[in-house]
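By convention in this document, chain letters (A, B, ...) are assigned in the order of the sequence lines, proteins followed by strands, and residues within each chain are numbered from 1.
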Protein chains: 2
Amino acid sequence: MQLKSLRLLMGVAETGSFVATAQRLHTVQSNVTAHIKKLEEELGVQLVHRSGQVRLTTAGMALAEYAERILSAHDEALSLFKGDRVAGSRLRIGAMETTTALRLPPVLAAFHGAYPEVDLQLHTGPTASLVERLTEGLVDGVFVAGHLDHPHYHLEKVFSEELVLVSANPMMAMPTTEALLTATFLAFRQGCSYRQRIELLLAHCGVSAARIFELGSLDAMLGCVAAGMGYTVLPRATVEAHQHRFGIHCLALPAPIAQVDTYFAAAQPATWTPALARFVDTLRQVAASDTRRPEAEGV
Amino acid sequence: MQLKSLRLLMGVAETGSFVATAQRLHTVQSNVTAHIKKLEEELGVQLVHRSGQVRLTTAGMALAEYAERILSAHDEALSLFKGDRVAGSRLRIGAMETTTALRLPPVLAAFHGAYPEVDLQLHTGPTASLVERLTEGLVDGVFVAGHLDHPHYHLEKVFSEELVLVSANPMMAMPTTEALLTATFLAFRQGCSYRQRIELLLAHCGVSAARIFELGSLDAMLGCVAAGMGYTVLPRATVEAHQHRFGIHCLALPAPIAQVDTYFAAAQPATWTPALARFVDTLRQVAASDTRRPEAEGV
DNA sequence: GGCTGATATTCATGGAAAATGATTTGTTTT
DNA sequence: AAAACAAATCATTTTCCATGAATATCAGCC
């Protein structure tokens with residue numbers, strides 16, 4: 001059985017004429033005859049009344065019901081890829097908690113505003129779990145901080161953060177190794193890449209182990225830092241956005257440690273569904289406007 | 001897009017291998033490649049990851065969802081015509097009230113017993129309306145008394161009734177024309193073919209107009225006849241079945257008038273759905289057993 | 001690092017099936 | 001009865017598909 005045959009059958013059902021069907025579907029009448037005839041032979045049932053009026057038999061109508069289901073599903077699938085419409089399609093994105101809070105709101109808002117008909121799902125979790133989801137095909141794309149070691153993946157730098165050391169008191173230089181040994185650091189929970197940066201920073205300063213407090217929210221973290229509880233490491237934009245609320249000060253970190261790039265990782269662009277392609281478009285636009293006026297940023 | 005391509009895609013999705021898919025679907029591996037490739041070109045999207053593991057891309061998974069809907073609908077449609085299963089099919093039968101009451105119960109019971117999965121719908125109404133339904137394709141077949149004038153229809157004699165004149169008193173011969181002129185006849189409502197027989201009988205006896213009472217139920221009719229209200233015309237089997245309840249007597253009618261054949265009318269057998277073909281089979285069996293032991297009949 | 005087995009791609013080819021236009025057949029209309 | 005119309009049939013062209021052999025690519029392994 002052929003989709004084309006079903007389409008011709010529906011044409012005959014609607015027009016009641018072989019020639020009209022042929023015109024409508026851009027073929028010739030004899031071809032319509034041949035297709036219908038083949039369908040009938042295949043099913044062993046006469047589908048169309050020919051004597052005089054051309055109309056479907058009850059068997060033809062029964063088949064037409066299925067044909068309608070089949071063809072509408074087919075059209076829907078086609079429109080998913082070919083058409084500009086992304087209606088009914090699903091887009092599953094994964095991101096870390098920090099990225100979700102820090103960068104995604106404007107992206108998601110812009111995308112949902114432009115394509116409200118897309119069923120957008122956001123999964124949050126630690127990087128390892130996100131990458132696993134991606135490789136299993138459970139999500140269409142994920143946001144990760146730093147490069148992805150997995151090969152064969154499309155990586156696109158979308159956000160760039162400058163991390164700064166945050167403290168309650170003004171700092172002119174990095175704390176001494178001795179100070180760091182006794183200091184307390186405040187960080188998000190395990191699995192967050194910013195926390196990994198803190199550990200990287202400590203290693204860079206020759207400190208092997210320091211006390212790290214895990215906090216669940218940015219406000220709690222900043223509040224504790226302002227209270228003199230210890231240090232933390234955050235994007236500069238974030239600190240600046242909250243500086244008027246807390247008496248906090250920041251110090252630039254050494255360049256290799258300060259620079260954190262957030263990448264969007266997905267399969268190769270050739271495999272993208274239209275919805276994903278649109279999402280990446282939106283993402284690029286938002287990211288571009290972010291870098292043009294970074295001072296407007298922050299959480 | 002081709003159904004075969006979708007089937008191959010599903011094969012690849014399930015087996016994760018082109019060769020396995022080719023074996024499973026009885027073709028060669030290069031053909032699988034060609035189909036998938038054509039699908040990809042058609043949709044402008046890569047559907048299958050090739051590097052190393054063969055598995056669907058997210059776009060491929062999206063298409064697979066539709067493919068599953070399409071193919072299952074297709075299989076269902078095929079099984080409707082090809083398979084022995086008639087599950088999910090619908091059968092719409094039309095019949096007059098009298099036929100429904102008199103003859104259909106054993107037929108419907110037998111059919112429903114044999115094929116409980118068929119959605120059986122019974123429409124009752126006057127003959128004219130039934131024929132209209134049939135020509136419009138709203139029913140698969142109808143029971144009619146006497147021949148159908150419409151051409152191109154399959155007609156099959158299924159029941160044969162001997163009509164008798166019914167009265168409260170024993171009759172040795174047909175009432176005289178004078179007696180008939182003043183007599184009252186009891187009949188079903190307009191549109192019933194038995195009523196038409198009464199009018200035919202009266203015309204045959206040279207009586208142009210007689211009083212005809214319309215009653216809605218068989219019991220009411222027989223009761224009124226037993227009470228001496230007038231005559232009626234009914235199948236002999238029906239009268240015999242009720243004779244023990246009412247003091248009624250019957251007289252054979254002239255052969256050409258007495259004989260009423262009930263036909264099953266439907267489109268040509270070539271157009272029958274399997275469900276309809278099974279129904280006709282059942283109908284023939286029941287009708288055959290009826291004629292073998294007609295005394296067991298009756299309402 | 002190169003070998004080996006397995007798997008996918010590419011390509012040429014024969015063959016099957018589809019599309020086409022001319023013609024015939026059948027039905028409806030006048 | 002004839003004309004007008006629509007579908008079936010048929011012969012032909014064309015396209016597309018299935019096939020198998022050769023080639024390329026990727027894993028595992030010595």
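The aromatic rings of F279(A) and F111(A) stand perpendicular to each other, their planes meeting at an angle above 60°, with 30° marking the opposite boundary.
Between the CD atom of Q23(B) and the P atom of dA6(C) there is a distance of 13 Å, given to the nearest Å. Look at NE2 on H26(B): it is 15 Å from P on dG20(D), rounded to the nearest Å. The interatomic distance linking E42(A) (CD) with dA18(C) (P) rounds to 10 Å, in whole Å. dT29(C) atom C1' lies 14 Å from atom CD of Q53(A), rounded to whole Å. Distance, R55(B) CZ to dC26(D) C1': 15 Å, rounded to whole Å. Counting to the nearest Å, the P atom of dA8(C) and the CG atom of L9(B) are 14 Å from each other. Distance I36(A) CD1 to dA19(C) C1': 15 Å, rounded to the nearest Å.
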Can you give the donor-acceptor pairs under 3.5 Å from side chains of residues 41-48 of chain A to other protein atoms, not counting sequence neighbours?
from	atom 1	to	atom 2	distance (Å)
E42(A)	OE2	M1(A)	N	2.6
Q46(A)	NE2	V48(A)	O	3.0

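Under 4.0 Å is where a charged nitrogen must lie from a carboxylate oxygen, and between R50(A) and E40(A) at least one such pair does.
Contact of the L71(A) side chain with the R7(A) side chain is registered, since non-hydrogen atoms from C-beta on lie closer than 4.5 Å. In this structure the side chain of E156(A) never reaches within 4.5 angstrom of the side chain of Y263(A), judged on heavy atoms.
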Under 3.5 Å, which protein N or O atoms sit close to an N or O of nucleotides 7-9 of chain D? Give each pair with its distance.
from	atom 1	to	atom 2	distance (Å)
dA7(D)	OP1	F18(A)	N	2.8
dA7(D)	OP2	F18(A)	N	3.3
dA7(D)	OP2	V19(A)	N	3.1
dA8(D)	OP1	R50(A)	NE	2.4
dA8(D)	OP1	R50(A)	NH2	3.3
dA8(D)	OP2	T33(A)	OG1	2.8
dA8(D)	N7	Q29(A)	NE2	2.8
dA8(D)	N6	Q29(A)	OE1	3.2
dT9(D)	OP2	K37(A)	NZ	2.7

Polar pairs (N or O, both sides) under 3.5 Å between protein and nucleotides 15-17 of chain D?
from	atom 1	to	atom 2	distance (Å)
dC17(D)	OP1	Q2(B)	OE1	3.2
dC17(D)	OP1	K38(B)	NZ	3.1
dC17(D)	OP2	K38(B)	NZ	3.3

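Not a single donor-acceptor pair under 3.5 Å links the side chain of D140(B) to the backbone N or O of L276(B).
T15(A) and T21(A) share a side-chain donor-acceptor pair at under 3.5 Å.
Screening Q259(A), R103(A), R197(A) for a side chain to side chain donor-acceptor pair (under 3.5 Å) with E161(A), the sole residue that qualifies is R103(A).
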